[in-house]
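Just so it is clear: chains get the letters A, B, ... in the order the sequence lines come, proteins before strands, and each one is counted from 1. Just so it is clear, the model here is predicted, and its values are computed rather than measured.
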2 protein chains.
Amino acid sequence: MTPATTAAGTRDLPHPAREEIRLEGVLHALSDPVRLRIVRDLAADSDELFACSYFDLPVTKSTTTHHFRVLRECGVIRQTYRGTAKMNGLRRQDLDALFPGLLDALLAAAGRQAARLGTD
Amino acid sequence: MTPATTAAGTRDLPHPAREEIRLEGVLHALSDPVRLRIVRDLAADSDELFACSYFDLPVTKSTTTHHFRVLRECGVIRQTYRGTAKMNGLRRQDLDALFPGLLDALLAAAGRQAARLGTD
DNA sequence: GTCAAACTACGATGTCCTTCGTACAATGCA
DNA sequence: TGCATTGTACGAAGGACATCGTAGTTTGAC
């Protein structure tokens with residue numbers, strides 16, 4: 001009855017290895033406003049994990065699922081199940097190792113633009 | 001016979017003003033490998049202008065035109081006519097003013113990845 | 001065992017994007 | 001004037017993408 005489960009409360013999700021993360025993929029992932037919003041919120045509390053339902057996004061649940069999957073498959077976030085929730089965290093270590101300074105510059109740029117446009 | 005010309009050898013092209021440049025647009029523009037390649041080449045000699053034909057791209061001429069237009073409309077490059085050629089230059093000042101450090105971080109990340117993958 | 005909560009899978013839809021070929025326009029030079 | 005160079009416009013094809021609704025799965029709690 002539980003074909004995809006392996007252990008108690010643990011379904012594994014496919015993540016790219018660090019070396020498989022591509023800059024173009026990261027940029028594409030962050031070029032969508034909804035996904036950029038998610039990443040900014042995750043970065044605000046970088047040591048914490050947040051469930052998908054934590055985010056207040058202007059799209060439906062299934063679209064939300066889609067965006068989180070894109071972020072995971074591009075290597076921007078890591079997703080793990082915890083009970084019925086799916087916890088999300090930035091892959092800061094991996095991204096910083098691959099592209100030092102990039103994530104900080106992107107987040108600073110996003111923050112700057114949000115302040116400038118009053119979209120915060 | 002020259003409906004779009006205004007002065008000798010001068011046809012103007014629409015560019016977004018600095019304040020109109022959006023981070024999402026810049027990231028989208030750079031998420032394409034061909035366009036990222038163009039921007040890297042432009043940045044290698046940041047004070048110089050290069051004609052479209054300068055670049056050795058793996059696409060046809062009309063596709064090249066398309067990519068340069070995307071870069072211009074997103075505010076990443078500035079294009080000016082010079083004779084029959086169209087000169088291209090990075091909008092470094094505008095981008096640095098809007099998003100300090102972003103362009104450098106992006107170029108460094110692209111260079112790092114190219115070195116890692118042997119795509120240089 | 002039942003039920004609600006959280007998330008997924010699937011299919012549909014409309015839009016945007018990349019790419020191309022072909023035909024055309026603008027410029028400078030012989 | 002004729003011609004080569006450089007780039008554009010237009011349309012088309014094929015794929016990718018964002019969005020949604022509905023139905024289903026997984027989990028924990030009662």
Task: For atom CD of A:Glu24 and atom P of C:dT18, their distance in whole Å - done: 13 Å

Open item on the list: If we count only N and O atoms by modelled type, under 3.5 Å, do the side chains of A:Thr63 and A:Thr60 hold a donor and an acceptor together?
Closed with: yes

Task: Gap between atoms CG and P, on A:Asn88 and C:dA6 respectively (whole Å) - done: 14 Å

Task: Distance in angstrom units between B:Asp32 CG and C:dC16 P, rounded - done: 18 Å

Open item on the list: Between the side chains of B:Asp120 and B:Arg112, is the shortest nitrogen-to-carboxylate-oxygen separation below 4.0 Å, so that they form an ion pair?
Closed with: no

Open item on the list: Does a side-chain N or O of A:Arg35 approach OP1 or OP2 of D:dA18 to a distance below 4.0 Å, or not?
Closed with: yes

Task: Nearest-Å distance for atom pair CE/C1', residues A:Met87 and D:dG28 - done: 15 Å

Task: N-O pairing of A:Asp47 and A:Arg92 below 4.0 Å - done: no

Open item on the list: Strictly distance-based, threshold 3.5 Å: is any side-chain N or O of B:Glu48 a donor or acceptor partner for the main-chain N or O of B:Asp45?
Closed with: no

Task: Check ion pair A:Asp56-A:Arg37 (N to O, under 4.0 angstrom) - done: no

- [ ] Using a cut-off of strictly less than 4.0 Å between a heavy atom of the residue and any atom of DNA chain D, enumerate the qualifying residues of residues 52-63 of chain A by number.
- [x] A:Val59, A:Thr60, A:Ser62, A:Thr63

Task: Neighbours of DNA chain D within residues 64-78 of chain A, by heavy-atom distance under 4.0 Å - done: A:His66, A:His67

Open item on the list: Within the structure provided, determine whether A:Val39 and A:Leu30 are in side-chain contact (heavy-atom separation under 4.5 Å).
Closed with: yes

Task: Rounded distance (nearest 0.5 Å) linking atom CZ of B:Arg18 with atom CG of B:Leu95 - done: 9.0 Å

- [ ] Figure out the CD/P separation between B:Gln79 and C:dA26, and round it to whole Å.
- [x] 17 Å

- [ ] Check the distance between C:dC7's P and A:Asp12's CG and give it to me in whole angstrom.
- [x] 17 Å

Open item on the list: Tell me whether B:Leu106 shares a hydrophobic cluster with A:Leu107, the cluster being built from Ile, Leu, Val, Met, Phe, Trp, Tyr side chains joined at under 4.5 Å.
Closed with: yes

Open item on the list: Using whole Å, what does the distance between atom C1' of nucleotide C:dC17 and atom CG of B:Leu30 come to?
Closed with: 16 Å

